[in-house]
Structures are given as structure tokens and as C-alpha cells.
There are 4 protein chains.
Amino acid sequence: MPESPNPLRRSESSRRAILDATLKLCAELGYGRLTVEAIAAQAGVSKKTIYRWWPSKGAVVLEAVDDMAAVAAHPNTGDLAADFHSQLTTVIDLLTPPKGSAAVGLIAEALQDADLAHDLRERLIRPRIASFEERMRQAQRDGQLAPDADLDVALGLIYGPIYHRLIFHLGMPDAEQLRTLIDHALRAFEPRPPTQ
Amino acid sequence: MPESPNPLRRSESSRRAILDATLKLCAELGYGRLTVEAIAAQAGVSKKTIYRWWPSKGAVVLEAVDDMAAVAAHPNTGDLAADFHSQLTTVIDLLTPPKGSAAVGLIAEALQDADLAHDLRERLIRPRIASFEERMRQAQRDGQLAPDADLDVALGLIYGPIYHRLIFHLGMPDAEQLRTLIDHALRAFEPRPPTQ
Amino acid sequence: MPESPNPLRRSESSRRAILDATLKLCAELGYGRLTVEAIAAQAGVSKKTIYRWWPSKGAVVLEAVDDMAAVAAHPNTGDLAADFHSQLTTVIDLLTPPKGSAAVGLIAEALQDADLAHDLRERLIRPRIASFEERMRQAQRDGQLAPDADLDVALGLIYGPIYHRLIFHLGMPDAEQLRTLIDHALRAFEPRPPTQ
Amino acid sequence: MPESPNPLRRSESSRRAILDATLKLCAELGYGRLTVEAIAAQAGVSKKTIYRWWPSKGAVVLEAVDDMAAVAAHPNTGDLAADFHSQLTTVIDLLTPPKGSAAVGLIAEALQDADLAHDLRERLIRPRIASFEERMRQAQRDGQLAPDADLDVALGLIYGPIYHRLIFHLGMPDAEQLRTLIDHALRAFEPRPPTQ
DNA sequence: AGCTAACCGAGACGGTACGTCCGGTCTTTGT
DNA sequence: ACAAAGACCGGACGTACCGTCTCGGTTAGCT
């Protein structure tokens with residue numbers, strides 16, 4: 001997010017007010033009905049100040065969401081399936097209304113806006129993928145996972161089903177279904193005895 | 001899609017012109033810059049006529065996409081992995097610009113519009129899921145798949161990774177990566193010798 | 001005032017509401033604080049509708065003033081000086097607050113906007129000059145004025161002092177001063193006995 | 001023009017830069033498109049510095065114009081009509097683009113801003129009226145003018161026509177027309193033999 | 001000669017209005 | 001009688017300036 005004006009002189013209080021107003025209104029109205037005007041009014045800030053620091057509504061929401069959901073590292077209790085279960089439960093919560101309004105709106109917007117998509121990937125997703133991979137490598141060291149498991153593929157198998165259901169409105173899995181999903185996904189990466 | 005006016009008196013030529021204009025403009029401008037006004041102008045039709053038969057831009061695009069992409073049954077050559085490879089290649093093409101513009105836009109819009117989401121699922125997705133399940137049951141009969149395989153889970157494992165990559169702009173897999181994805185997904189459903 | 005959209009389909013009620021709102025707000029706020037937004041809000045009209053038919057705030061005010069002050073022909077009682085006195089009294093009233101707000105604002109704006117200046121001259125001023133000249137020619141026929149009097153010059157001598165005072169805020173003349181002004185101006189055009 | 005800050009510490013170089021930038025930009029853009037921001041940028045000065053010393057754009061332009069056009073006394077060659085002709089030629093030049101941009105803009109602004117109007121009258125106009133009256137009294141002493149001529153009326157008759165034409169965009173007089181105007185105006189004040 | 005108050009540049013800020021775009025509704029007109 | 005054409009209200013857009021307000025840094029003039 002390149003900033004032409006001098007970031008040193010930026011008003012932190014305005015920034016906070018904007019991000020807070022954004023999350024509040026997004027929860028109230030939904031991402032689609034959220035407007036830059038409403039954010040400015042709610043935050044007691046001029047529209048110019050928003051446009052000075054962010055290129056679009058999506059960018060503001062991205063920062064607000066990022067700001068809210070600081071990177072929560074994947075838990076590591078030693079039980080890989082249980083750890084994913086709790087991690088995915090958190091993710092599903094973030095994608096479910098009312099809290100999900102911001103994140104889902106962001107995903108929708110990024111599908112249509114390449115710049116926002118770039119920022120979404122680099123600022124929100126990459127760090128979480130890194131956290132995922134770290135946990136997976138730990139599992140490999142623990143012998144719970146094949147040492148040559150392809151982590152890119154694993155990422156898709158574990159998280160993909162959630163987003164597939166989100167996208168086509170097939171309903172989020174309940175705890176039991178989630179367990180089944182994880183079991184199946186991990187099955188593809190079980191350590192195997194050397195095939196003779 | 002409830003239609004208040006008498007559908008019998010509907011002008012088929014207007015309908016065709018609208019759907020054709022929609023696809024043309026969507027490819028040219030992208031879904032986001034597509035407007036109802038532009039569709040009306042391009043189709044030589046009054047805006048009123050569009051709003052008479054469709055509730056929103058998304059509904060028009062949905063019908064246009066549905067109209068274009070008739071349900072193609074999953075291929076059945078006897079080689080399950082190869083069949084999915086060709087099927088998924090088609091799906092990826094439909095999600096990749098320029099052709100992907102309409103479908104991806106539709107997905108984005110549906111994330112924010114419950115009515116459109118409903119129609120998208122029921123008109124576009126359900127029949128394709130049915131086709132998927134049919135192919136899977138065939139594979140079960142062929143002994144390539146565990147007879148008790150959970151097809152809902154399988155759907156997520158096979159299609160999920162594609163949409164996960166779409167959503168977070170992680171890049172569509174090439175042919176080789178696609179093969180690896182399918183192999184891993186199917187591995188979870190291999191018929192197993194009865195565990196003693 | 002060229003109108004691109006089809007004037008036949010124009011809503012007369014909107015036009016009236018806009019012109020009425022313009023005069024009302026201009027009297028209340030003064031021309032300078034009058035805004036297109038406020039006119040639209042007061043008239044219950046979309047800003048687009050204003051911009052569809054007028055190029056600028058000034059053009060709206062011009063039409064409103066023109067609409068209000070239909071051409072009042074110069075009175076003709078037979079007494080030229082008295083007729084001018086009553087005519088100029090009317091003009092001075094139109095240039096004095098609160099009623100004068102619109103006209104003076106218009107004059108100020110036209111000084112900076114060539115297009116508006118053109119319309120102001122052609123639509124408001126020219127017909128009134130014509131009326132002036134008609135009255136003067138009558139006076140010539142009546143022998144109250146030199147038959148070769150230059151009417152352009154007379155126009156400036158009679159009306160100029162008023163606007164000179166307006167422009168430099170020297171105060172409008174009272175009835176007595178006005179009489180003196182007119183007497184002096186007309187003195188330059190008295191019929192003269194052939195100088196021997 | 002009340003100045004709260006200490007005028008002794010005022011930076012003369014900033015003042016000069018501001019007035020120079022004002023005249024330059026006013027000629028380039030016209031008074032209407034001139035902005036305080038642009039003046040500040042062009043002068044390499046902070047907006048604050050402008051607002052510290054002047055209450056408005058108009059006040060800056062007034063000072064710039066005043067600064068430029070020092071009061072030139074009415075010429076006195078002995079030929080009253082010729083003297084006015086040369087004086088009015090200068091005035092007309094000051095009211096004609098490009099040079100006229102500042103003065104005309106100032107007049108326009110003052111029509112809407114009472115404070116500016118006050119300053120315009122007192123700083124620019126009054127001294128010039130005084131100069132006019134001085135020349136007129138000289139003419140009275142010379143016997144070219146009725147000794148009881150009303151100089152207020154004379155001022156209006158001589159200068160009014162110019163401003164009347166300016167205001168309604170009737171075109172500035174050429175040299176010949178100007179001569180005619182002056183002749184007619186002065187005719188009202190010719191010394192007359194005592195009417196019997 | 002050093003201190004300190006002020007003016008200075010820079011420019012971010014809350015605002016207001018701009019003129020445009022498009023959504024969705026309603027009206028007119030011609031066939 | 002219908003549907004094209006398109007005017008209409010509404011509301012958000014992103015921009016331009018306004019006039020105010022910190023900031024450090026410099027500078028002038030009084031200790």
C-alpha cells in the first residue's frame with residue numbers, strides 16, 4: 001500500500017477512528033452497504049483523509065481486518081488433527097456472520113480488484129500460510145507426517161474444502177464434519193512404510 | 001427468480017440480445033465495470049425491460065453463464081484420475097481470464113448477495129455436483145474407490161484446492177500440479193483392505 | 001443555453017421547483033452561499049436533473065431572475081424624465097438586498113464566466129435595451145430629445161452612474177439624487193436650436 | 001485589514017513573493033481559477049503565511065493590484081476632454097484582458113463580499129476619485145466647467161458608461177466612441193450664460 | 001552572544017461542495 | 001398494448017479547495 005504523503009505526520013488517532021468505524025459499520029451494514037462516506041462520518045474524519053492513506057474501501061477493510069486478526073500462530077499441542085480442528089474452527093468463525101462480513105466482503109472485492117488481491121495475499125494470507133507450514137514441518141519432525149509431504153498440496157486439501165463451501169454456499173461444516181474433513185485430508189500425507 | 005409479468009408475452013429476441021450483450025461486455029470490461037445501463041444500450045433494449053425480468057445484474061450474468069455453459073457430464077473413460085484431470089482443466093479454464101471474468105464476478109457477487117447465491121447454487125452448481133457424484137458412484141462400482149467413500153468430503157478435497165487458490169490468488173495449478181492434487185485427494189478414498 | 005437531452009420530455013414541475021427553490025435560497029443565503037446541492041435538496045430534485053438542463057449555478061439563477069422579472073416595458077406617460085425616474089427606481093430596487101442578491105450575484109458571476117455573460121446579455125439585457133430605445137425614439141418624435149441623439153451613448157449616461165455606484169459601493173442614489181442624475185444625463189440630448 | 005501578528009517581524013520577501021505569484025497566476029488562470037493553494041505553491045510559501053496576513057484571496061489580489069497600479073493623478077494638459085480621454089483609455093486597458101483579469105475579478109468578488117468591497121473602495125477607488133475631483137476643480141477654475149457643477153454626478157456620467165458596458169459585456173468603446181461619450185458627459189456641465 | 005519568542009515552510013486535518021455515475025422507478029411516445 | 005427511449009430521484013463516488021491546525025527550523029531582537 002504505497003503512501004505518497006508523509007507518513008511521519010500521519011494522525012494515529014484518525015487512523016484508529018477510521019479502522020474502528022470500518023469494523024463497526026461493516027458488522028452493522030455488511031460489507032456491500034459499507035461506504036467511504038459512512039466511514040468518514042462515523043469516524044469524524046474527512047473523506048480526503050481516508051483517500052489520502054488508502055486507495056479504496058477494500059484497502060481500509062483489509063487493514064481493519066489485519067489489525068483485528070493479528071497473526072494467530074497455529075496451535076501446537078502435539079496432536080496435529082486436533083490442532084487443525086481448533087485452527088479451522090477459528091477460521092470458520094471469521095467467515096461466518098456477523099464477524100465474517102468484513103472478511104467475506106474482502107474476499108469478494110479482491111476477486112475483482114487485482115491490487116487489493118495482491119495486498120490481501122501478501123498481508124493477510126502469506127503469514128498465515130507460513131504459520132501453517134511451520135506447524136506441518138513440526139509434524140514431519142514428529143513423524144506424524146510423511147517427510148516428503150508436499151505442503152502446497154496439503155494446504156489446499158485442508159483449507160480448500162472450507163472455501164469451496166463458502167463460495168458455493170454449501171454450508172460450513174459442523175465440528176463432526178470438520179473432523180472428518182481433516183482426517184481425510186491428512187490421510188493423504190500419512191507416513192507410509194517403504195513400499196517393498 | 002420470480003417473474004411478475006406474464007412470461008408468455010416475453011420477447012425472446014430481447015432476452016437473447018440481453019444475454020449476448022452481457023457476455024460480450026463482461027468479457028470486454030470485466031464483471032465489475034459491467035453495468036445494467038451498458039447492457040441495455042448494447043442490446044438496444046430499455047433498462048426497464050431488464051429489470052422486468054431479472055432482479056439484478058448478477059441474475060442476468062448468471063442466466064447468461066448458465067445459458068452458455070450447458071452441464072457437461074463428467075467424462076467417463078474408466079480412468080478416474082484422468083477424468084478428473086480433464087474435468088478440472090475445463091473448470092480452471094472457466095475461472096481464468098478472459099473467459100473467467102463472468103464466472104468469477106458471479107462468485108464474488110454471490111458472496112455478498114444471498115438471493116443470487118441461492119440461484120447460483122441451485123442452477124449452476126447442484127447439477128454439476130450431481131454429475132460429479134454420478135461419476136464417483138461409477139468409480140465405486142468399478143472398485144477404484146472405497147465403497148463407503150463420503151462423496152461430500154470428496155467433493156471438497158477435489159474441487160476445494162482450486163477455489164482456495166482462486167480466492168487467495170495463489171495461482172492456478174499447471175497440468176503437473178493438477179495431477180498431484182488429484183492423486184493426493186483420491187488417495188484418501190482408496191479402497192483399503194479390511195483393517196484387521 | 002444548448003440542451004443536449006430531449007426538451008420535449010422535460011418535467012415542467014421539476015423546472016418550476018428548481019427555479020422557485022433558487023430564488024428562495026438566494027434571498028435567504030445570498031448568491032455566494034447558494035449551492036447546487038442546496039437547490040436540489042430544497043426542490044426535491046436530483047442534482048443530475050439540474051446539471052442536465054443548466055451548465056452552472058449561474059445559468060439557473062439567470063433563468064430564475066429572467067422568469068421573475070418579465071420584461072417591463074419602459075413607462076410612457078409623456079414626461080421622459082419622470083418615466084426614467086420610475087424605471088430607474090425599479091432597477092435600483094432589483095439591485096438592492098434582499099431582492100438584489102440574485103441579480104448582483106449574477107452580474108458578479110458573469111464578470112468571470114464568458115458563457116454566462118453571453119446569456120445574461122442576450123436574455124436579460126438586450127430586450128431591456130430595446131425597450132429603452134423604443135421609449136427614447138418616442139421622445140424624439142415628441143420633440144423632447146434631439147432627433148439625432150446617439151442612443152448608445154444615452155444608455156450609458158442614464159444607466160451607467162447606477163452601476164458605477166453599485167460596483168464601487170458608493171451607495172444607491174435617493175429619489176432626489178436620482179432626479180439630478182437624470183436631468184444631467186438628458187441635458188446632453190436636449191434638442192438645440194440650430195446654432196447660428 | 002486588521003493584523004493580529006506583529007507586523008515588524010513580517011517577512012518582506014514572502015510578501016513580495018506572494019503578491020508576485022498572485023499577479024502571475026491571475027494573468028495565467030484568471031481570477032476565478034486562482035486559488036490560495038496555488039499562490040502558496042507558486043510563491044514557495046505556506047498557506048498559513050497567506051492567511052496570517054490577509055483574510056481572503058480577494059484581499060491578496062487587492063493588495064497586489066494596489067501595489068502595481070500606484071495612483072496616477074489625472075493628467076492636466078489644460079484640455080479637459082483630452083485629459084479624460086487619456087485617463088479613461090488607461091482605465092479601459094486595466095479592465096481589458098489579460099491585464100484586466102485581476103481588477104475585474106476583484107470587482108466581481110467585492111460585489112459579493114462586503115469587507116472586500118469596503119477595502120476596494122477605500123484603498124483603490126477613493127484616491128482616484130480625489131484625483132478626479134481635483135482635476136475637475138481645476139477645470140472649474142479654468143472656466144471650462146460650470147462653477148456649481150456637481151462632481152458626484154459628473155463622476156457617474158464620465159465613468160459610469162464604461163462600467164455599464166463592462167458589467168453587461170457590451171464591449172469597451174474605441175477611441176472615437178470614447179470621445180463621443182466624454183463630449184456628451186461634459187456637455188451637462190458646460191458653463192452656461194445665466195438663464196434669464 | 002545567547003535566548004527566546006515569532007514567524008516561517010510544509011502539509012495533514014475536518015469540512016463543504018463539486019460534477020459524475022449508476023441504480024432502480026416512472027413517464028412519454030411511437031408503432 | 002407494448003416496449004424503446006430516456007428523464008427522474010437518490011446516493012455514493014473521488015476531487016478540489018477552503019481555512020485551521022500542528023510540526024520542526026530559522027531568524028530577529030531583546031536581554
Side-chain angles (χ1 to χ4, degrees), chain A residues 3-15 17 33-41 43-53 55-57, chain B residues 5-6 9-11 13-14 17 33-41 43-52 54-57, chain C residues 4-15 17 33-41 43-53 55-57, chain D residues 4-11 13-15 17 33-41 43-57:
Chain A
E3 293 157 359
S4 11
N6 183 348
L8 295 176
R9 321 198 62 184
R10 183 167 186 181
S11 156
E12 175 59 18
S13 69
S14 289
R15 181 179 165 277
R33 275 182 293 278
L34 180 67
T35 66
V36 173
E37 295 223 327
I39 296 172
V45 138
S46 127
K47 285 203 290 176
K48 181 66 187 259
T49 298
I50 298 183
Y51 286 113
R52 183 154 30 226
W53 302 109
S56 66
K57 171 176 93 167
Chain B
N6 182 347
R9 317 200 58 171
R10 182 166 186 183
S11 155
S13 70
S14 289
R33 276 182 293 280
L34 180 68
T35 66
V36 173
E37 300 223 332
I39 296 173
V45 139
S46 143
K47 284 204 293 177
K48 179 81 180 221
T49 299
I50 297 181
Y51 284 112
R52 185 154 31 226
W54 291 276
S56 66
K57 171 176 96 168
Chain C
S4 11
N6 183 348
L8 294 176
R9 322 198 59 183
R10 182 166 187 183
S11 156
E12 174 60 19
S13 69
S14 290
R15 180 179 166 278
R33 275 182 294 279
L34 180 67
T35 66
V36 174
E37 291 219 331
I39 296 173
V45 138
S46 130
K47 284 202 290 177
K48 181 67 186 259
T49 299
I50 297 181
Y51 286 112
R52 181 151 37 224
W53 302 109
S56 65
K57 171 176 94 167
Chain D
S4 12
N6 182 347
L8 294 177
R9 316 199 56 174
R10 183 167 186 181
S11 156
S13 69
S14 289
R15 181 178 167 278
R33 275 181 294 278
L34 180 67
T35 66
V36 174
E37 299 225 332
I39 295 173
V45 139
S46 146
K47 285 203 291 176
K48 180 83 182 225
T49 298
I50 297 181
Y51 284 111
R52 185 153 29 226
W53 302 107
W54 291 277
S56 66
K57 170 177 95 167

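Each chain gets a letter, A, B and so on, in the order the sequences are listed, and its residues count up from 1. Quick caveat, the model's predicted, so the values are computed rather than measured.
- Comparing B:Lys57 and C:Val36, the nucleotide of DNA chain E nearest to each residue sits closer to the 5' end for C:Val36.
- Rounded to whole Å, the distance from CZ on D:Arg9 to C1' on E:dA6 is 4 Å.
- Residue B:Ser56 is classed as having no contact, given no heavy-atom separation below 4.0 Å to the nucleic acid.
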Self-check item: Pairing annotation in dot-bracket form, given for DNA chain F with Watson-Crick or G-U pairs under 3.5 Å and | for cross-strand partners
Solution: |||||||||||||||||||||||||||||||
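- Although no hydrogens or angles enter the test, the distance criterion places no donor-acceptor pair under 3.5 Å between the side chain of A:Lys47 and the main chain of A:Ala40.
- For C:Lys47 and E:dG19, a side-chain-to-base donor-acceptor distance below 3.5 Å is present, hydrogens and geometry of angles not being considered.
- Minimum atom distance to the side chain of C:Lys48 is reached by E:dC22, of the listed E:dG11, E:dC22, E:dT25.
- As judged by a 4.0 angstrom heavy-atom cut-off over every strand, B:Ser46 is placed among the base-contacting residues.
- The span of DNA chain F lying next to chain D, judged by atoms under 4.0 Å from heavy atoms, is bounded 5' to 3' by F:dC17 to F:dA28.
- With rounding to whole Å, A:Arg52 atom CZ is found 13 Å from E:dG15 atom P.
- One finds a side-chain N or O of A:Trp53 lying less than 4.0 angstrom from the OP1 or OP2 phosphate oxygen of E:dC13.
- Note: CG (C:Asn6) to C1' (E:dT27) measures 13 Å, nearest angstrom.
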